[in-house]
Student: 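Mind having a look at this structure? Questions to follow.
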There are 2 protein chains.
Amino acid sequence: MEAKHHPLQRLVTKLSDRSALSEDDREAVLALPYSTRAKSAGQHLARVGQVPTSCTLLLSGFAQRYRLLADGARQIVGFHVEGDFVDLHFSMLHRASQCVQLLTPARVADIPKAAMVELMRSRPAVAEAIWIESLADASIVQEWVVSIGRRSARSRLAHLFCELGLRQEQAGLGSRCRIELPLTQEQLGDALGLTTVHINRTVKLLENERLIERSRRSVIIPDWEKLAEVGGFSSAYLHFAASEPTLSQVNCP
Amino acid sequence: MEAKHHPLQRLVTKLSDRSALSEDDREAVLALPYSTRAKSAGQHLARVGQVPTSCTLLLSGFAQRYRLLADGARQIVGFHVEGDFVDLHFSMLHRASQCVQLLTPARVADIPKAAMVELMRSRPAVAEAIWIESLADASIVQEWVVSIGRRSARSRLAHLFCELGLRQEQAGLGSRCRIELPLTQEQLGDALGLTTVHINRTVKLLENERLIERSRRSVIIPDWEKLAEVGGFSSAYLHFAASEPTLSQVNCP
DNA sequence: CGACACTTTGATACAAATCAACGAGGGTGG
DNA sequence: CCACCCTCGTTGATTTGTATCAAAGTGTCG
């Protein structure tokens, strides 16, 4: 089975992770028509007000979803990693209410909206799997509300690092304790509802407390559990499949 | 067709509002097995950690979805009105990561999870309609992130009042300019990431500015557009069907 | 090597939290 | 029917976390 390198393979893997798909279902997903493109950092995959005609799947790279306010303030409402549909909601709701922008160079696949809808109508199990994926995404956003609404800057940062670490690990991109972070401090601020200056001070605080270490664009978490405690982090809201190792089972160098 | 008073009728109406359902689809929804119960204010419909076996549909009343933090802080992540599924996500994700609590006395219908899944597997159009509904819910949560992350207390309150007004109007419960608000100031604070004291001062500020009026448990919006401007409110994120009247078409007494 | 984007630091200003009471309505029991 | 209590709303004084403004460092890429 050398479908291993099929561009949509990662999507299939991600869906199978949480839902049971038959061989036929998997093949139906892989049979989806698509066209791939390379894009550079900073490019937009969606803009407010657009009416989408195709669904964009992130094959590699890292993207942010955000809204701009009248006074120029920006709030990031989510990050996307490879395997994520970036604008499926907008497709189904007929209009984008946010912007999606790449933070790194990336490869994307465009799938005609009609083909997606057709696939989901003819394959209930696939529809269900995609639905469940979108519910898990929604759960993450809800946890962001909790963070931004009720946690201190220090906890918010700790929580976000924990989340990104786990999500990266779950996506098979390495250990939860070493996060490849293609974000500027300004973007961290826009994600957490804080200013750049305050992010800077808080990052340094965490560093002084030995809760994180930094080297270039990565963040290292020397003691996962301690950081999780500072962030009030519990992975339940990520709704990983049950196979996920307990926190205590993992402890990185 | 005296199905008019079928308890699930409101659900059918809500789904048909945004999606096209055939007569068969509608009847399949109405044929769902269910049992209704009356519940009193304060009762929980779901609790963190529970494994749901049935889906709860709110037939009447008002509920909040919230999370508790270690230090006792509470963050409300959403409100539910009649016609909403209150825990469909938890059912599909196998475990509740939040609590759902009634704010008013209410009637609810319990539908066995297996029957829901079966319905959605056999009727793709219904599955799609329910999915779209959950996407619209997610969009609301994302706007909450924007509010809590980047808006001032005054704007947050204005924005929430606008949202609740429109949602209530959309649900056929009256004009957007008169909101039946079964919330204490503490609950408003927990929803907006502010303290009770600060909510109190901000409410009075809006009142002094003649942006809202209060009488018992309702809030009256004398000039919708002015309040919408203060809140930076634009209804796009609610993703109502296109038939929605433009803001300027409506202006209440 | 220069340009530019990002990080870091300091000084100051505010918005919102906290702490502490008091007031007012609404339901309950005597 | 009144007195009581309990929750909710209101207000003031004070503190604190975070924003704002300003400027100097640092790194990286052409």
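First the proteins, then the strands, lettered A, B, ... as listed; each starts at 1.
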Student: Could I get the full list of side chain to side chain contact (heavy atoms under 4.5 Å, CB included) partners for T104(A), not counting sequence neighbours?
Tutor: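 By the side chain to side chain contact (heavy atoms under 4.5 Å, CB included) rule, T104(A) matches F62(A), P182(A).
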Student: Does anything in residues 148-196 of chain B pair up under ring-ring contact (aromatic ring centres under 6.0 Å, His included), and if so which pairs, sequence neighbours excluded?
Tutor: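 Only H159(B)-F233(B), H159(B)-Y237(B) qualify under ring-ring contact (aromatic ring centres under 6.0 Å, His included).
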Student: Got a sec? Which of residues 179-187 of chain A come in under 4.0 Å of DNA chain C, heavy atoms?
Tutor: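 Heavy-atom cutoff 4.0 Å gives T184(A), Q185(A).
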Student: Who pairs with S155(A) by side-chain hydrogen bond (donor to acceptor under 3.5 Å, both in side chains), at least two apart in sequence or on another chain?
Tutor: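 In terms of side-chain hydrogen bond (donor to acceptor under 3.5 Å, both in side chains), with neighbours along the sequence ignored, S155(A) is linked to S152(A).
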Student: For a quick check, with a 4.0 angstrom heavy-atom cut-off, what is the B/S/- contact string for nucleotides 25-30 of chain D, read 5' to 3'?
Tutor: ------
Student: Please enumerate all residues that pass side chain to side chain contact (heavy atoms under 4.5 Å, CB included) together with S40(B), with sequence neighbours excluded.
Tutor: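 S40(B) satisfies side chain to side chain contact (heavy atoms under 4.5 Å, CB included) with Q43(B) once adjacent residues are dropped.
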Student: Considering residues at least two apart in sequence or located in another chain, which fulfil the side chain to side chain contact (heavy atoms under 4.5 Å, CB included) criterion with E133(A)?
Tutor: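 Partners of E133(A) by the side chain to side chain contact (heavy atoms under 4.5 Å, CB included) criterion, ordered by chain and then number, come out as K14(A), L15(A), R18(A).
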Student: Under 4.0 Å from any atom of DNA chain D, heavy atoms only: list the residues of residues 151-159 of chain A that qualify, in numerical order.
Tutor: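 Listed by number, they are S152(A), A153(A).
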Student: Have a look at the helix from dC1(C)-dG30(D) to dG30(C)-dC1(D) and give the angle its two end axes make, five pairs each, rounded to 10 degrees.
Tutor: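 If I round to tens, the end axes sit 40° apart.
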Student: Heavy atoms of chain A, cut-off under 4.0 Å: which first and last nucleotide of DNA chain C, 5' to 3', fall inside that, if you could look?
Tutor: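 Listed 5' to 3', the contact boundaries are dC6(C) to dA11(C).
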Student: What residues, two or more places apart in sequence or in another chain, satisfy side chain to side chain contact (heavy atoms under 4.5 Å, CB included) together with V100(A)?
Tutor: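 Applying side chain to side chain contact (heavy atoms under 4.5 Å, CB included) to V100(A) gives L45(A), A46(A), A63(A), R65(A), V86(A), F90(A).
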Student: Enumerate the residues from residues 195-210 of chain B whose closest heavy atom to DNA chain C is under 4.0 Å, giving them by residue number; use none for an empty result.
Tutor: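 Listed by number, they are T195(B), V197(B), H198(B), R201(B).
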